[in-house]
Amino acid sequence: MQLLPGFRDFYPEDCARRNYTLSVWREVAARYGFLEYDGPVLEPIELYKKKSGGELLGQLFDFVDKGERHVALRPEMTPTLARMVAARERDFKKPLKWFCAPSFFRYEKQQRGRLREFLQLNCDILGDASPGADAELLALVIDLLRTFGFGPQDFVVRLSDRDAWMQFALGRGVPQERLLDFLGVIDKLERTQEAESRRKLEEFGVELEAVRAFIADPSAEAAKLQGIMADLKARGLAEYVAVDLTIVRGLAYYTGLVFEVFDRNGKERALAGGGRYDALLEVMSDGKVKMPALGFGMGDVVLANMIEEVPAAKARRDAWIASRNAAEVYVVVAEESRRTEALGVVQTLREAGWRTDYALSAAKVGKQFQVAETLGAKFAVVIGAEWPEVKVKDLATREERLVAAENVATLGRA
RNA sequence: GUGGCCGUAGCUCAAUGGUAGAGCUCCAGAUUGUGAUUCUGGCUGUUGCGGGUUCGAGUCCCGUCGGUCACCCCA
């Protein structure tokens, strides 16, 4: 049997790497005062049909369940979060700073950095419309990547502002109901032939030159971004950020700030992306709850590719994994007749908190030491003729010392 | 969803249309209370799958599944 395309098995080495990613995500999010939450993997398809829009709809992993409900595996968290917060809005002090790091599903052809099931960290700030909240979220993105071992030479956060684009468009006579279509053209500007872009823009009565001039000099209409930049500069994080109005993003619900994080080499897809969705909670609650909000997602697939490519990040990850190796202590049963005593020693060590392993059946002493080495154990405890004493060997220095069996948990270091 | 390339042992790969191989890994032994190296032996294939051409197909043709890259888009 083959795996379904785009899905992964996690062997122990893969699981260790995934756990490292999750560990950093949770640690840094907590450092910023974010609380973890979660929601269902499966949602009614309407949740996404109404809110996400654009390409995401074509990528829904959906089916009809036995109750004839049309359902979809979650492709993103924001609609679920918006529903959750809208339902119990009065129970929480503002602003809310929440995160989650579950699996998501998108039905698309798999490629480098793209699978059908992936992990994604989601961090959101709800109930604060200030640029200070924008900057706080961006600082979190940056610190997450710094904690993985990436520096300003490895990644850049590209900032843009949909408000600025909407003012630009409305000021040039683009009708309100066609704004999303207009933004779609801007989004594809870099990937489309010039003549094609020019033709599409003319449908909106906008000249390509005006768009290019606006992108080239964002300061005129994107003052908000300058304020965010100043905030990040005060934190010493300015070198990680650049204003880039070509970023628009495909999701329909974004309103103000939008951003994407890219590797500096340009080899990978976006590492993370997000923005403001100030109107979404009102839509989700049928007008009952109005709450500004913003958030971002960071996927594990591109992140893992980049960790593999940046030596500093890879070394940090491997050190983390090595520090959680399978065994700290390996009990060597030198004389099989002492197995009963050895089992007692194993139990004593484990109850003292040592990660302890041993040979489940009779094996040669040399073989047992070899296994101890392979497992990365720091100590070997040899059970044999010395009983009721045992020999504790430091596997790095090869020093040995005799310790009374009852004191074995000290490993001779007391 | 569209197009290019690829698919041989667990992994990396070889094999003019003519007997399917090598290295690595893994397991065991050389080594009866100490980790390395080395040496020896052992395990593994419906050549992704299904058809077709041929005296004969891993090799050529068609289909299909999977992978990969580009488009699309984004985590």
Side-chain angles (χ1 to χ4, degrees), chain A residues 1-9 11 21 25 52-59 74-78 101-123 141 144-145 158 184 187-188 190-193 247-251 254 258-263 267-275 295-306 330-338 342 359 362-387 390-400:
Chain A
M1 285 292 287
Q2 289 179 310
L3 281 175
L4 287 168
F7 287 80
R8 293 176 281 183
D9 284 329
Y11 289 89
T21 296
W25 282 350
S52 303
E55 291 296 320
L56 208 52
L57 286 182
Q59 297 176 351
R74 61 183 168 200
E76 58 158 344
M77 203 63 196
T78 307
S103 294
F104 294 94
F105 303 84
R106 293 186 192 175
Y107 198 91
E108 62 178 330
K109 201 163 173 178
Q110 74 160 307
Q111 244 179 90
R112 180 175 178 82
R114 285 293 173 273
L115 299 173
R116 286 183 174 178
E117 180 186 13
F118 55 95
L119 253 48
Q120 187 184 95
L121 171 69
N122 269 258
C123 298
V141 175
L144 277 159
L145 293 170
R158 293 160 73 185
D187 185 35
K188 292 178 176 61
E190 284 186 326
R191 302 183 293 270
T192 310
Q193 298 264 331
I247 303 287
V248 174
R249 296 183 60 74
L251 292 172
Y254 285 122
V258 285
F259 63 93
E260 290 182 354
V261 185
F262 292 92
D263 75 310
K267 297 287 180 193
E268 301 292 337
R269 290 154 188 280
L271 269 164
F296 71 85
M298 177 184 293
D300 73 307
V301 185
V302 176
L303 182 64
N305 287 346
M306 241 188 109
Y330 197 88
V331 173
V332 174
V333 185
E335 289 179 8
E336 191 55 28
S337 63
R338 295 286 183 190
K364 290 177 182 172
V365 172
K367 175 77 176 181
Q368 293 184 64
F369 271 92
Q370 205 166 347
V371 172
E373 177 93 352
T374 304
L375 293 177
K378 295 181 183 65
F379 298 96
V381 173
V382 182
I383 313 294
E386 303 86 350
W387 193 265
V390 300
K391 222 184 259 178
V392 175
K393 180 169 186 174
D394 183 316
L395 288 169
T397 66
R398 301 191 174 226
E399 273 176 58
E400 293 184 333

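When reading the values below, keep in mind they use all heavy atoms of this one structure, side chains included, and skip hydrogens, waters and symmetry mates. Proteins come first, then strands; the chains are lettered A, B, ... in the order of their sequence lines, and each starts at number 1.
- Note on Ala380(A): nothing from the nucleic acid sits closer than 4.0 angstrom, heavy atoms only.
- Distance check on atom C1': C43(B) versus U64(B) gives 33 Å, rounded to whole Å.
- With hydrogens and angles ignored, a donor-acceptor pair under 3.5 angstrom links the side chain of Glu373(A) to the base of G35(B).
- In terms of phosphate contacts, Gln111(A) brings a side-chain nitrogen or oxygen within less than 4.0 Å of OP1 or OP2 of A70(B).
- U34(B) is unpaired under the criterion used here, namely a Watson-Crick or G-U wobble arrangement in which both key atom distances are under 3.5 Å.
- Of all nucleotides present, only G29(B) satisfies the Watson-Crick or G-U wobble test against C39(B), with each distance under 3.5 Å.
- For Arg112(A), counting side-chain heavy atoms from C-beta on, the closest listed nucleotide (G35(B), C69(B), G33(B)) is C69(B).
- Within 4.0 Å of Ala270(A), counting heavy atoms only, lies at least one base atom of the nucleic acid.
- Phosphate proximity of G35(B) to Lys364(A): absent, as no side-chain N or O sits under 4.0 Å from OP1 or OP2.
- The aromatic ring of Phe118(A) is stacked on the base of A75(B), with the two ring centres less than 5.5 Å apart and the planes inclined by under 30°.
- Close to G33(B), at under 4.0 Å from its OP1 or OP2, lies no side-chain N or O of Gln368(A).
- Nucleotide U68(B) forms a Watson-Crick or G-U wobble pair with G4(B), both donor-acceptor distances falling under 3.5 Å.
- Residue Gly297(A) is classed as a sugar-phosphate contact, given heavy-atom separations below 4.0 Å to backbone atoms only.
- Nucleotide C49(B) forms a pair with G63(B), judged by Watson-Crick or G-U wobble geometry with both contacts under 3.5 Å.
- With hydrogens and angles ignored, no donor-acceptor pair under 3.5 angstrom links the side chain of Glu117(A) to the base of A75(B).
- For G3(B), the base has a donor-acceptor partner in the side chain of Lys109(A) [N/O atoms by modelled type, under 3.5 angstrom].
- The only member of Arg112(A), Gln111(A), Arg8(A) that meets side-chain contact (heavy atoms from CB on, under 4.5 Å) when paired with Val301(A) is Arg8(A).
- Under the Watson-Crick and G-U wobble criteria, each requiring two contacts below 3.5 Å, nucleotide A20(B) is left unpaired.
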